[in-house]
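Notes for the one structure printed next.
Counting convention: from 1, in listed order, for ligands and their atoms alike. Position 1 is the first residue of the sequence, and the numbers go up from there. Just so it is clear, the values below take in all heavy atoms, side chains as well, and ignore hydrogens, waters and symmetry mates.
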Amino acid sequence: MTAKLLDGKQIAAEIREEVAHEVKKTALELGRPFSPCLVAVLVGEDPASQVYVRNKQRACEKAGIEGRTVRLPAESTQADLMKVVQELNEDATVNGILVQLPLPKQGNGGAGFDEREVLDAIDPLKDVDAFSPINVGLLMQGRPRFLPCTPHGIVQLLHRCDISVAGKHVVVVGRSDIVGKPMAMMLAGRDGSCGREVANATVTIAHSRTEDLKSVCRSADCLIAAVGVAEMIKGDMIKPGAIVIDVGINRVDGKLVGDVAFEEAKQVAAAITPVPGGVGPLTIAMLLHNTLLAARLQMA
Ligand code: GUN
C-alpha cells in the first residue's frame with residue numbers, strides 16, 4: 001500500500017483565499033477600507049525565526065491583511081520587550097500580536113527572557129496565537145475564542161480531506177503547550193470548529209516517558225507526531241491503514257524532515273502529510289484566519 005498524500009499546501013491556499021474573500025466582503029459591508037493588522041515581534045537574528053516571520057508577513061499581504069514586524073536586538077531586556085507588547089496592546093490600529101518563539105537564550109542581560117510573562121501580557125483579544133491563559137482556559141472549557149494555529153490547521157485538514165476521527169483512537173505524540181495539549185483537547189471535545197466528525201475522538205497523549213511507545217502508537221487510528229525529533233516515528237510504529245499527521249519540521253543535513261520516517265510510513269499508512277507541504281502552511285493560514293477574527297471581535 002502507498003499512502004494518500006494529504007496536501008496541506010493546497011488546503012492552506014484554499015483557506016487563505018477564503019480569508020482574503022472575507023476581508024474584501026467585510027470592507028464592502030462596512031462601506032470603508034478594512035485591512036486587519038498583524039504585528040510580529042521578532043527578537044534577535046535566529047535564521048529560522050526570520051524566515052517564519054517573513055513568510056507570515058507575505059501571506060498577510062496576499063490576503064489583504066497588513067503585516068508589520070517589530071524587530072528588537074537579541075540583547076534587549078525583558079523590560080524592553082514588555083514595553084513593546086504594552087504599546088501594541090494600546091495601539092488601536094493593531095488587531096493581532098504575535099511574539100515569535102523561541103526568544104533568544106542569551107537575551108535580557110544573559111539571563112534569558114521570561115517567556116511566560118511576555119505571553120501573559122498580550123491582550124487576550126489580540127492573542128492570535130491563542131497562547132494566553134485566558135484563551136487556553138476558554139479552549140479547555142469548550143468555548144474557544146481563538147484556536148491555536150497548528151492544531152486548528154490539522155482539524156481543517158482532516159475535515160477538508162473527509163477524515164472522521166469520531167469514536168476513533170487518536171494518539172498525539174508530544175505534550176507541548178503549542179501543539180500537543182491543545183490538539184488533544186480539540187479532538188476529544190464534543191464539537192469542534194469543523195463539526196462533530198473532527199472531534200469526539202478517544203485521545204491518548206504520549207511523550208518521552210511513555211512506556212512501550214511503539215505499542216501505544218500502533219494502537220492509533222490517527223497518529224499525530226509533534227515531538228520535534230527527526231524521523232522518530234518509524235514504519236513499524238504505525239498501524240496499517242492509519243492516518244498519520246506529521247507536525248515536525250527538523251533540519252537534517254540542510255534538508256527538512258518531519259518527526260515521521262516518511263518513506264517507511266507511507267508504505268503502512270492510509271494517508272500521511274508530507275514535510276514540507278503538510279501541516280506547516282496550514283499554521284500560517286490559520287494565523288490569517290485568527291487575525292481577521294481578532295479585527296472583527298475588536299469592532300464588536
Ligand atoms: N514558533 C514556532 N511556532 C510558533 C507559533 O505558532 N507562534 C509563535 N509565536 N512562535 C512560534
Side-chain angles (χ1 to χ4, degrees), residues 8 12 15-16 37-60 65 67-72 74 81-82 84-85 88-89 94-105 107 112-124 126-133 135-136 139 144 146-157 172 174-183 186 224-230 245-251 256 258-259 273 275-276 278-291 293-294:
I15 295 170
R16 284 162 48 169
C37 171
L38 172 68
V39 178
V41 180
L42 178 58
V43 187
E45 309 281 327
D46 177 62
S49 290
Q50 293 195 24
V51 172
Y52 288 139
V53 167
R54 200 176 321 126
N55 288 345
K56 286 171 187 175
Q57 190 154 358
R58 278 203 198 123
C60 279
I65 291 174
R68 292 189 215 155
T69 303
V70 174
R71 290 187 166 76
L72 286 178
L81 182 50
M82 293 296 283
V84 165
V85 170
L88 295 172
N89 281 344
V94 172
N95 302 115
I97 303 168
L98 79 81
V99 176
Q100 184 65 30
L101 302 177
L103 292 167
K105 298 226 177 340
F113 291 98
D114 180 345
E115 183 180 298
R116 196 68 273 168
E117 188 189 33
V118 175
L119 299 182
D120 285 1
I122 296 173
D123 178 344
K126 297 188 177 184
D127 171 33
V128 287
D129 267 325
F131 291 167
S132 93
N135 288 318
V136 174
L139 172 62
F146 297 112
L147 289 166
C149 301
T150 301
H152 191 195
I154 293 169
V155 167
Q156 290 286 341
L157 173 86
V172 181
R175 54 182 158 182
S176 68
D177 291 336
I178 298 187
V179 184
K181 281 194 247 174
M183 183 82 265
M186 287 162 74
I224 301 180
V227 263
V229 179
I245 307 292
D246 190 350
V247 184
I249 302 178
N250 310 287
R251 200 168 281 277
L256 287 186
D259 291 350
T273 56
V275 176
V279 174
L282 286 159
T283 300
I284 294 187
M286 300 328 293
L287 178 67
L288 303 184
H289 168 90
N290 278 354
T291 304
L293 178 61

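When all heavy atoms of I178 and L101 are compared, the pair lying nearest together is CD1-CD1, 4.3 Å. Nearest approach of L88 to K126, heavy atoms of both residues: O-NZ, 2.9 Å.
Rounding to the nearest 0.5 angstrom, the gap separating the CG atom in L81 from the CG atom in D114 is 10.0 Å.
For the pair E45 (side chain) and A74 (backbone), a donor-acceptor distance under 3.5 Å is absent. Of the possible polar contacts, none joining the D259 side chain to the D246 backbone as a donor-acceptor pair under 3.5 Å is found.
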Just list the N/O pairs, ligand 1 to protein, that are under 3.5 Å apart, with the distance for each.
residue, atom, partner, partner atom, Å
ligand 1, 1 (N), Q100, NE2, 3.3
ligand 1, 1 (N), L101, O, 2.9
ligand 1, 7 (N), D129, OD1, 3.1
ligand 1, 7 (N), D129, OD2, 3.4
ligand 1, 9 (N), V99, O, 2.9
ligand 1, 9 (N), D129, OD2, 2.7
ligand 1, 10 (N), L101, N, 3.1

Which donor-acceptor pairs under 3.5 Å do side chains of residues 279-289 form with protein atoms, sequence neighbours excluded?
residue, atom, partner, partner atom, Å
T283, OG1, T150, OG1, 2.9

